[in-house]
J.: 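Submitted below is the structure of interest, expressed as structure tokens.
Counting from 1, the numbers follow the sequence of the chain as shown.
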Amino acid sequence: MWFGATGPMQYLEGSIQKQSPNFLRTLFDKRKQSRLCILRDGHFMWWDEAEIEKKGEAKGCISFIVHRAEVFAGSDPNIFGIRPQSGRQWKHTEEKAFTGKPDREFLFDAEGGEITRDQWVEAIEVHIAFGDGIDRELGEDKCHAIVKTAKPTLKDVEA
């Protein structure tokens, strides 16, 4: 059974930089955006730290139960990314869980954070394996039917 096969799923929370895919931001040296990131229960979520109190809603949420993903360490010792599994594209994004193209890679920079790149990568790998196990057990349609893929609020996650 898949529940114990991946080992304990670690809860991680920390401030890291997300690299914006927006070309215009690079022109104004705004490529990196400070984000509060939380890894919990098979989901990786991020909030704009400047807007948490005002909006509350996450800027993005990847559900490893619904979204077939892989995590990778970048060539820089602080960079990691999350992308669709090899040969796949993001599916079930109609609820706007995150923006971008179906093959978008999300890049994060852990430099200066409390949690290292390698700690993020190792923990995310366990959450991905958990989600893959649920997908194998229940099937894609059932996973999508029972897991909400919209952006949560911080209050939702902390409850």
Side-chain angles (χ1 to χ4, degrees), residues 1-22 33 35-49 51-52 55-75 78-110 113 115-159:
M1 188 132 190
W2 44 264
F3 283 111
T6 60
M9 291 200 312
Q10 202 173 4
Y11 171 89
L12 292 182
E13 178 177 336
S15 294
I16 56 178
Q17 301 291 312
K18 184 179 90 45
Q19 294 186 8
S20 172
N22 186 319
Q33 305 160 320
R35 296 291 184 249
L36 169 65
C37 294
I38 296 178
L39 178 66
R40 179 180 176 180
D41 301 332
H43 295 75
F44 183 82
M45 303 154 280
W46 58 95
W47 285 261
D48 182 332
E49 292 185 303
E51 296 179 0
I52 288 177
K55 285 182 132 182
E57 183 179 81
K59 296 293 279 183
C61 173
I62 299 172
S63 169
F64 301 126
I65 299 166
V66 173
H67 303 117
R68 306 285 46 90
E70 62 186 23
V71 64
F72 61 94
S75 56
N78 296 303
I79 303 291
F80 71 92
I82 302 171
R83 62 184 170 216
Q85 283 179 347
S86 181
R88 294 182 177 233
Q89 294 186 330
W90 296 119
K91 287 182 163 183
H92 307 298
T93 60
E94 61 275 1
E95 292 95 355
K96 302 294 180 199
F98 50 82
T99 59
K101 297 178 181 176
D103 61 347
R104 178 177 178 188
E105 289 186 357
F106 296 89
L107 297 175
F108 298 90
D109 185 343
I115 303 166
T116 68
R117 176 204 62 186
D118 292 340
Q119 290 172 311
W120 280 109
V121 169
E122 288 173 22
I124 292 169
E125 285 174 341
V126 173
H127 285 257
I128 288 173
F130 174 77
D132 288 347
I134 293 175
D135 180 67
R136 279 191 303 277
E137 198 75 23
L138 301 178
E140 178 181 334
D141 291 338
K142 189 154 193 169
C143 286
H144 184 248
I146 61 175
V147 176
K148 182 178 175 184
T149 56
K151 298 174 188 171
T153 65
L154 195 54
K155 191 179 265 187
D156 294 334
V157 174
E158 292 176 338

J.: Using salt bridge (charged side-chain N to carboxylate O under 4.0 Å, His left out) as the criterion, list what pairs up with Glu70, not counting sequence neighbours.
T.: Arg83
J.: I'd like to check Ile38 versus Tyr11 (side-chain heavy atoms, cut-off strictly below 4.5 Å). Are they in contact?
T.: yes
J.: Just so I know, are the side chains of Phe72 and Leu107 near enough to count as touching, which here means a heavy-atom distance under 4.5 Å?
T.: yes
J.: Are side-chain heavy atoms of Leu154 and Leu36 found at a separation under 4.5 Å?
T.: yes
J.: Decide yes or no on side chain to side chain contact (heavy atoms under 4.5 Å, CB included) for Lys91 and His144, but give the supporting numbers first.
T.: CA-CA 10 Å; Lys91 287 182 163 183; His144 184 248; over 6 Å; no
J.: Is the shortest heavy-atom distance from the side chain of Arg35 to the side chain of Asp48 under 4.5 Å?
T.: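 Arg35 reaches Asp48 side chain to side chain.
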J.: If I take atom OG1 from residue Thr153 and atom CD1 from residue Ile52, how far apart are they, to the nearest 0.5 angstrom?
T.: 11.0 Å
J.: Is the ring pair Trp120/Phe80 parallel, tilted or perpendicular, if the boundaries are 30 and 60 degrees?
T.: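 Aromatic pair Trp120/Phe80 classed parallel.
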J.: Nearest 0.5 Å please: distance from the CD1 atom of Ile128 over to the CZ atom of Phe64.
T.: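 Going from the CD1 atom of Ile128 to the CZ atom of Phe64 covers 4.5 Å.
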J.: Which heavy atom of Pro152 sits nearest a heavy atom of Met45, and at what distance?
T.: CG-SD, 3.6 Å
J.: Provide the closest heavy-atom pair for Pro8 versus Val126 in the form atom of the first, atom of the second, distance.
T.: O-CG1, 3.6 Å
J.: Report yes if the side chains of Val71 and Phe108 come closer than 4.5 Å at any heavy-atom pair, otherwise no.
T.: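 Not touching, per the 4.5 Å side-chain cut-off.
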J.: Just wondering, do Leu39 and Gln10 contact through their side chains at under 4.5 Å, heavy atoms?
T.: no
J.: Looking only at heavy atoms, what is the nearest atom pair of Cys61 and His43, with distance?
T.: SG-CD2, 3.9 Å
J.: Less than 4.5 Å apart, any side-chain heavy atom of Trp46 and any of Ile16?
T.: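 A side-chain contact is absent here, since even the closest heavy-atom pair is not under 4.5 Å.
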J.: Closest approach of Gln19 and Ile79, non-hydrogen atoms and distance?
T.: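 Nearest pair, atom of Gln19 first, then Ile79: NE2-CD1, 3.4 Å.
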J.: What pair of heavy atoms forms the shortest contact from Cys143 to Asp135, and how long is it?
T.: SG-CA, 3.8 Å
J.: Find the distance between CD (Glu125) and CG (Asp132) and round it off to the nearest 0.5 Å.
T.: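 The CG atom of Asp132 is 11.5 Å from CD of Glu125, to the nearest 0.5 Å.
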J.: His127: what forms a side-chain hydrogen bond (donor to acceptor under 3.5 Å, both in side chains) with it, not counting sequence neighbours?
T.: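 For His127 there are no side-chain hydrogen bond (donor to acceptor under 3.5 Å, both in side chains) partners, ignoring immediate neighbours.
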J.: If you define the side chain from C-beta out and look only at heavy atoms, does anything of Lys18 sit under 4.5 Å from Lys59?
T.: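 Heavy-atom side-chain distance check fails, nothing below 4.5 Å.
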